[in-house]
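Following: one structure in structure tokens, then a few remarks.
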Amino acid sequence: MIKIAKILLAGCLSVTQFGLVVPLSAHALDTKEQAMALFKKKSYPQAAALFGKSFALTKDADTLYYQALSLQYAKNFEGAKALYKQIYLNYNGTQAAQYALQALAGLDPKFYAGQSRTTVSAPQSPVAVRSSGSSSQTVYMRQSGRDTSRDTLPRECKVYFERHGSLLVVDTTVNGRPQKMIFDTGAEVIAMGKNHLEELGLRGPSGQASGKSAGVGDGGAQDTWHHAVDIKVGQIERKNFPVMVQESLGVMPLLGQTFFDDYSYTIDYGSKTIVFVKKQAGVGAMAADPKRDPNNVPFVREGKEMVVTAYINGRPQQFYFDTGAESVLLSPAHVRSIGLSIPEDARAGKVQGIAGSSNAVMFPVRRMTMGPIDKSDVMVTVSDGLSAGHGLLGQEFYQGWQYTIDYDHSLIMFKRR
């Protein structure tokens, strides 16, 4: 199986907006529950029809969002695009509208480009999803035997990013065609959906799936295919490069570790840049004893993943350092292991992941620290759908800090801006 990370569509989407409880009729609620059950079974056309019936009764933006998502997964891209636009234009200011606009980044880039300059800021509670399983050995084997003579790997390269909420989004080209991707240190590989390739006018993989990807959600493992494309980010270009493709991916593709594995890199939120430096010339080599610097946080590698230790109320907890996550995500087992209890007034909601939706709760913890970062009242999200061995440490915890990933010394080097 493949480990990747992916943004969640999180929060109390179906019952809470702006802190107000929205009452739903018993019939509407029952219809929506039936629709969600069909969605989890991947009966997407039937789910879309029932979500539509529920929306007719409630006029609830989140129900309409799930109808659009069902249509997208059913490959009715025009129908999904129309509903996403309806959500964005008629329910502006809601989480559903923000997620609809993000979906339109792939389905209708021109519309997205025109709206994203004036869109409301992203909601504060999204987090990220990771799929679980063994490391991506087949992908790495294919990459190791790949002809790299046509790759362009400059010694240093600066890439600008956009902020989508807390996520970092970079411009790439796939076979010469423009495609926005989430810069995701929590993704081991580049992950795309067949829907992305179709939208680019490219032929996707066919035949029997070559692997599985499982993640947050109740939908079970997703079929995946290995595929090769030419990908360029800034001046870095890789030819015939392996990517992981699943049937449909409801958000932007993920630019994972395999693409930038030859580089150390510095992320600067002030200038909105990622500066890549080839490892043999990495910035970490300039420090006399970088491991003694209290601003530097050590990590260990699990496959391509970076695992760090952070402290919640003084108790250690291991996390994947995940720029593809917007906040801190834990499982109930993680919560128990560090002696936390979920408060009765924790905010309930749903999280949407690579394998469907799962229940979640969100609440603040008193204190959270890692290296030089020391924060109070940090919001964490707990989901029983998180199947990864560690939690996810997302952008909201370390935003405001410039940091360099130094693979030579296995350090994340933080600098306060």
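Both backbone and side-chain heavy atoms feed into the values below; hydrogens, waters and symmetry mates do not.
- Of the N and O atoms on the side chains of Y73 and E247, not one donor lies less than 3.5 Å from an acceptor on the other residue.
- Under a 3.5 Å cut-off, the side chain of N313 and the backbone N or O of R367 do form a donor-acceptor pair.
- Annotation: side chain of F39 is in contact with side chain of F51 (closest heavy-atom distance under 4.5 Å).
- Side-chain contact between F161 and V169 is absent, with no heavy atoms from C-beta onward closer than 4.5 Å.
- We find the OG1-CD distance between T309 and Q318 to be 4.5 Å, quoted to the nearest 0.5 Å.
- Between I182 and P253, the closest side-chain pair of non-hydrogen atoms is not below 4.5 Å.
- Distance alone, capped at 3.5 Å, places no donor-acceptor pair between the W401 side chain and the Y269 backbone.
- By the 4.5 Å heavy-atom criterion applied to side chains, L202 and V174 are counted as neighbours.
- Residues Y91 and Y65 place their aromatic rings such that the two centres sit no closer than 6.0 Å.
- Within the 4.5 Å cutoff, the side chain of K375 has no heavy atoms near those of the T369 side chain.
- Under the 6.0 Å distance and 45° angle rule, R238 counts as a cation-pi partner of F259.
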- [ ] Report the C-alpha distance between L168 and Q395 in whole Å, list the side-chain angles of each, state the deciding distance to 0.1 Å, and finish with yes or no for side chain to side chain contact (heavy atoms under 4.5 Å, CB included).
- [x] CA-CA 9 Å; L168 315 182; Q395 296 271 1; 3.5 Å; yes
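- The shortest side-chain heavy-atom distance between D406 and I412 does not fall under the 4.5 Å cut-off.
- Looking at Y311 and M368, their side chains never come closer than 4.5 Å, going by heavy atoms from C-beta outward.
- Side-chain atoms of H334 and S331 form a donor-acceptor pair, as typed in the model, at a separation below 3.5 Å.
- Between F276 and F260, the ring planes are tilted. Angles from 30° to 60° get that label.
- Atom CG of N90 is separated from atom NZ of K59 by 10.5 Å, given to the nearest 0.5 angstrom.
- Remark: aromatic rings of F299 and F321 are distant, center separation not under 6.0 Å.
- Residues L38 and L50 are in side-chain contact: their nearest non-hydrogen atoms beyond the backbone lie under 4.5 Å apart.
- Separating the CD1 atom in I342 from the CG atom in L330 is a distance of 9.5 Å, to the nearest 0.5 Å.
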TODO: List the steps and the verdict of ring pair (Phe, Tyr, Trp, His ring centres under 6.0 Å) for H390 and F319.
DONE: CA-CA 5 Å; H390 308 302; F319 289 92; 8.8 Å; no
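- Taking a 6.0 Å sphere around NZ of K85, one finds it holds more than 12 heavy atoms contributed by other residues, nucleotides or ligands.
- Atoms CG and OG1, on L329 and T381 in that order, are 6.5 Å from each other to the nearest 0.5 Å.
- In this structure, CE on M244 lies 11.0 Å from CE on M192, to the nearest 0.5 angstrom.
- Using modelled atom types and a 3.5 Å distance limit, the side chains of Y265 and Y403 yield no donor-acceptor pair.
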